[in-house]
Amino acid sequence: VTVDASALRHHGDVDALPGLVDLAVNVRPGMPPAWLRDRLAGVDLARYPDQRAARAAVAARHRCEPANVLLTAGAAEAFVLIARALAPRRAVVVHPQFTEPEAALRAAGRHVERLLLEPPFTLDPSRVPDDADLVVIGNPTNPTSVLHRAATLRALVRRGRTVVVDEAFADCVPGEPESMAPAPGVVVVRSLTKTWGLAGLRVGYVLADPPMVEALRAVQPHWPVSAPALEACVACSAPDAVAAAGAWARELTTVRAHLHGLVGGPAGVEPAASFLLLRTDRPASWEPLRDKGFAVRRGDTFPGLDAQWIRVAVRDEPTSIAFAHALQECL
Ligand SMILES: Cc1ncc(COP(=O)(O)O)c(C=O)c1O
């Protein structure tokens, strides 16, 4: 495969030009809430960050031990640590998916193979080569919005293989039934970016078995996560915050079904995240949509997709209706 590194590094924030209705970036609008802003503003910036409370809070939220938790400067940092710490002989990235894991592996000099799923983007675990010792998959997946079953992901686990599950959008799914627990051979990557509107804070974490956590920590800079980001971990892991996020996930189900009803999507895909993937009749429909005031995420920089695909964030129902009109006029 000839790899266009700049395409791998393209993200929706570049598509979201000022003045457009932003359907390109999947961060929940109106966030962070005032109570969370206040918590962050109250943090003592003069002290070096102390991770203990944040690790304990994240562990309690995911019913595991602090030794299972590695706090990171966003999910993006986790992919860099994985690429540095592991030296896979055969790394397989399941695409289409978020491109930073592959970009990080390549930047660390790792050879990467792509497993390209076709619509409806369901995974048959037997398509992953037996000798793959690193497999990276998103759940639910950006940009397809497909939710893989935990049983399907567990079928990938075997001795001598690390399965990385990018769960940056897992909290879009009410109750998170398909979320993976930290276990030998499983590395779960999570983020506070999307649900809590903290893209600028850079905060996420890894859930893994303690030896893996230590291996990743060994290649991490000292004080990797800022004190406000640690405060966000404590605040967003509290039961009330988790319950609030769960309530939002249930509301999301309704507004997403409305948008899905208006614009459709690939046959057989039941979208599960805060965005939809659409195949349009014409290539580069993001251009006329931009002229109509909407920024959508172009699809063609995702391995396995072409210029007829766009990804659209789910917003409120009036926005969905306006977008559906604009899309109809463009096609
Ligand atoms: C699937 C997925 N994983 C991870 C990330 C990165 O998250 P973070 O902001 O925590 O680095 C993104 C951001 O777009 C994403 O879409």
Side-chain angles (χ1 to χ4, degrees), residues 7-16 22-29 31-32 54 58 69-83 93-105 107 117 121 135-148 153 163-173 176 178-180 187-207 216 220 224-226 228-230 232-233 236-237 245 271-277 295-299 301-305 309-314:
L8 285 182
R9 284 261 139 108
H10 181 95
H11 297 296
D13 52 345
V14 182
D15 297 319
D22 177 9
L23 306 181
V25 177
N26 293 316
V27 174
R28 175 158 65 133
M31 292 285 114
V58 168
V69 178
L70 181 76
L71 305 173
T72 60
E77 192 201 16
F79 302 127
V80 173
L81 302 179
I82 291 164
V93 178
V94 181
H95 281 295
Q97 76 151 293
F98 185 55
T99 47
E100 282 302 317
E102 177 172 328
L105 284 162
L117 303 182
F121 310 110
V135 180
V136 187
I137 188 161
N139 207 38
T141 309
N142 173 13
T144 61
S145 208
V146 165
L147 180 67
H148 301 288
L153 302 180
V163 178
V164 175
V165 186
D166 176 358
E167 294 194 357
F169 288 99
D171 44 8
C172 292
V173 184
E176 302 189 16
E178 313 303 341
S179 177
M180 296 286 276
V187 175
V188 180
V189 179
R190 306 274 307 205
S191 172
L192 298 188
T193 290
K194 313 293 181 181
T195 299
W196 294 106
L198 296 175
L201 190 61
R202 313 306 308 130
V203 57
Y205 48 90
V206 167
L207 306 173
L216 299 178
Q220 193 176 33
V225 182
S226 70
L230 296 176
C233 284
C236 299
S237 299
S274 51
F275 47 84
L276 300 183
L277 184 68
V296 299
R297 172 66 160 92
R298 61 192 294 163
T301 65
F302 286 103
L305 301 184
W309 293 95
I310 54 172
R311 191 195 66 201
V312 182
V314 179

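Indexing begins at 1, ligand by ligand and atom by atom, following the structure's order.
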(Q) Side chains of Gln220 and Thr72 only: does a donor on one sit below 3.5 Å from an acceptor on the other? (A) no

Q | Donor-acceptor side-chain pairing of Glu102 and Gln97 below 3.5 angstrom | A | no

**Q.** Protein contact to atom 1 (C) of ligand 1 [nearest heavy atom, distance to 0.1 Å]
**A.** Asp166 OD2, 3.2 Å

Q: Scan Arg298, Arg311, His10 and name whichever one has a side chain to side chain donor-acceptor pair (under 3.5 Å) with Asp15.
A: His10

Q: Only heavy atoms count here, so choose which of Phe98, Tyr205, Phe169 is nearest to atom 4 (C) of ligand 1.
A: Phe98

Q: Enter the distance from Asp171:CG to Leu192:CG here, rounded to the nearest 0.5 Å.
A: 8.0 Å

Q | Contact atoms of ligand 1, heavy-atom distance to Ala168 under 4.0 Å | A | 2 (C), 3 (N), 4 (C)

Q: Would you mind running through ligand 1 and noting each atom that sits below 4.0 Å from a heavy atom of Gly74?
A: 10 (O), 11 (O)

Q. Between CZ of Phe98 and CZ of Phe79, what distance do you get to the nearest 0.5 Å?
A. 6.0 Å

Q) How long is the gap from SG on Cys172 to CZ on Arg28, to the nearest 0.5 Å? A) 9.5 Å

Q. So which bit of Ala76 gets within less than 4.0 Å of ligand 1, heavy atoms only: side chain, backbone, both or neither?
A. both

Q) Tell me, which protein residue and heavy-atom name are nearest atom 9 (O) of ligand 1, and how many Å apart are they? A) Thr193 OG1, 2.6 Å

**Q.** CA sep, side-chain torsions, deciding dist, call: Leu216, Val206, side chain to side chain contact (heavy atoms under 4.5 Å, CB included)
**A.** CA-CA 9 Å; Leu216 299 178; Val206 167; 4.0 Å; yes

Q: Starting from atom 7 (O) of ligand 1, locate the nearest protein heavy atom and write down its residue, its atom name and how far away it is, to 0.1 Å.
A: Ala75 CB, 3.7 Å

Q | Which residue and heavy atom of the protein sit nearest atom 13 (C) of ligand 1, plus the separation | A | Lys194 NZ, 2.6 Å

Q: Assess whether side chain to side chain contact (heavy atoms under 4.5 Å, CB included) is satisfied between Leu198 and Lys194, documenting all intermediate values.
A: CA-CA 7 Å; Leu198 296 175; Lys194 313 293 181 181; over 6 Å; no

Q | Under 4.0 Å to a heavy atom of Ser191 - the qualifying atoms of ligand 1, by number | A | 7 (O), 8 (P), 10 (O)

Q.
So, 4.0 Å and heavy atoms of Arg202: is ligand 1 close enough to count as a contact?
A. yes

Q) In terms of residue, atom name and distance, what is the protein heavy atom nearest to atom 16 (O) of ligand 1? A) Asn142 ND2, 2.7 Å

Q: Please state whether Gly204 comes within less than 4.0 angstrom of ligand 1, counting heavy atoms only.
A: no

